[in-house]
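Contents: one structure, followed by commentary.
In each ligand, atom 1 is the first atom listed, and ligand 1 is the first ligand listed.
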Amino acid sequence: MSVASEVLRLKEARGALLLAHNYQRPEVQDIADFVGDSLYLSRKAREADAPVIVFAGVRFMAETAKILNPTKTVLLPDLKAGCGLADSITADQLRSWKAAHPGAVVVSYINTSAEVKAESDYCCTSSNAVRVVQGIPSDVEILFLPDMFLGEWVRRRTGRSNMHLWAGDCPVHAKLRPEDLRKARAAHPGAMVIAHPECGCGSQALPEVDRILSTDGMIRYAEETRAAETLVATEVGILHRMRQINPNARFLPLSEGAICPYMKEIDLEDLRTSLAEDRYRIEVPAPIAAKALVGLERMIAS
Ligand code: 13P
Ligand code: SF4
């Protein structure tokens with residue numbers, strides 16, 4: 001029996017739900033119940049009836065699932081699946097930042113630890129960051145964290161000047177520079193360019209980018225586009241589904257090297273072990289979970 005079939009058999013036996021992020025390995029995406037971006041997967045986790053949720057993604061996503069649906073067993077098959085961006089701010093650092101800006105509200109990107117979420121008023125993802133910020137009265141100061149490129153893009157879209165940005169970035173997206181974009185554009189003059197808002201290139205070379213989109217925004221783009229060729233500025237894992245959805249169009253990575261090592265930690269063997277041996281169970285201490293839930297509920301509602 002193939003490893004994929006074993007995973008499916010174990011999943012069935014345990015009544016488990018397998019959620020996979022758009023950056024996961026193709027063979028993991030292919031056997032998942034749902035594949036999507038952070039917001040979509042959070043909603044799927046929250047409404048799940050299954051006793052077990054296996055998260056093929058990174059740790060902050062599994063923690064979010066546990067906070068949103070605490071009675072379920074949430075498994076992250078490899079604990080090395082972290083996030084360089086989430087590591088760029090600790091709860092202590094956030095407490096100090098808040099102390100320096102009394103009266104400000106905190107908007108945290110979902111790419112943060114549960115402890116940081118517990119210190120936040122709102123959570124958002126790249127899909128709804130603009131909507132979340134627009135929902136906050138315009139005279140209220142905002143601390144936005146941890147991604148400065150996403151924050152800069154939200155600031156431009158909302159025209160908000162009273163928004164302070166934490167100087168964090170994603171080690172994968174920050175490497176995509178405006179020079180890469182210009183080079184790729186020159187090599188593919190007729191191509192459309194779409195970019196994730198975490199990209200270093202997107203916020204600094206905005207006129208060169210046709211659309212700034214979350215990963216699910218990119219999937220919808222793939223469904224609808226009539227462009228023959230599109231350059232995609234984000235983690236390369238997204239290309240698998242885009243090409244499946246629209247095999248007649250060409251989707252090219254802005255950089256072949258845009259690979260998130262954290263998102264590639266989980267493979268089929270890890271999924272098999274996870275389901276067979278119940279590992280690794282993600283737990284969030286109740287007081288942290290209760291506080292983090294406030295911002296997460298606002299994120300789900302936006
Ligand atoms: P999305 O919410 O767009 O899927 O992004 C998550 C992420 O980790 C991007 O690097
Ligand atoms: Fe984190 Fe960047 Fe990987 Fe997304 S791509 S999980 S932000 S390190």
With 2.8 Å as the limit, jot down which protein N, O or S atoms are around atom 3 (Fe) of ligand 2.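 Protein N, O or S atoms closer than 2.8 Å to atom 3 (Fe) of ligand 2: C260 SG.
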Carboxylate-amine/guanidinium contact [X] [Y], below 4.0 Å:
{"X": "D33", "Y": "K44", "answer": "no"}
{"X": "D49", "Y": "K72", "answer": "no"}
{"X": "K80", "Y": "D270", "answer": "no"}
{"X": "D180", "Y": "R177", "answer": "no"}
{"X": "R157", "Y": "E152", "answer": "no"}

Report yes if [X] has an N/O atom closer than 3.5 Å to an N/O atom of ligand 1; otherwise report no.
{"X": "S126", "value": "yes"}
{"X": "H21", "value": "yes"}
{"X": "E198", "value": "yes"}
{"X": "S38", "value": "yes"}

Is there side-chain contact between S214 and L39, with at least one heavy-atom pair below 4.5 Å?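 S214 does not reach L39 side chain to side chain.
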Would you check if S42 and L296 make a side-chain contact, meaning some heavy-atom pair closer than 4.5 Å?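 Side chain of S42 against side chain of L296, heavy atoms only: no contact under 4.5 Å found.
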Close-contact set for ligand 1 against [X] heavy atoms, below 4.0 Å:
{"X": "S214", "answer": "3 (O)"}
{"X": "D37", "answer": "1 (P), 2 (O), 4 (O)"}
{"X": "H173", "answer": "10 (O)"}

Does H21 have a non-hydrogen atom less than 4.0 Å from ligand 2?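 Not so, H21 does not reach ligand 2.
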I need the nearest protein heavy-atom contact for atom 5 (O) of ligand 1: residue, atom name and distance, please.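 I find the closest protein heavy atom is H196 NE2, 3.4 Å.
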C170: heavy atom below 4.0 Å from ligand 1, yes or no?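 The answer is no, since C170 has no heavy atom less than 4.0 Å from ligand 1.
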Does ligand 1 have an atom under 4.0 Å from some heavy atom of N111?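 Yes, N111 has heavy atoms under 4.0 Å from ligand 1.
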Please tell me whether [X] and [Y] have a donor and an acceptor in their side chains that are separated by less than 3.5 angstrom.
{"X": "H173", "Y": "T234", "result": "yes"}
{"X": "N22", "Y": "H240", "result": "no"}
{"X": "Y221", "Y": "T230", "result": "yes"}
{"X": "S38", "Y": "T125", "result": "no"}

Side chain, backbone, both or neither: which part of E235 has a heavy atom under 4.0 Å from ligand 1?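 For E235, there is no contact with ligand 1 at all, from either part.
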When you measure from the centre of the six-membered ring of F251, is the NZ or CZ of R243 closer than 6.0 Å and no more than 45° off the axis?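 That pair does not qualify as a cation-pi contact.
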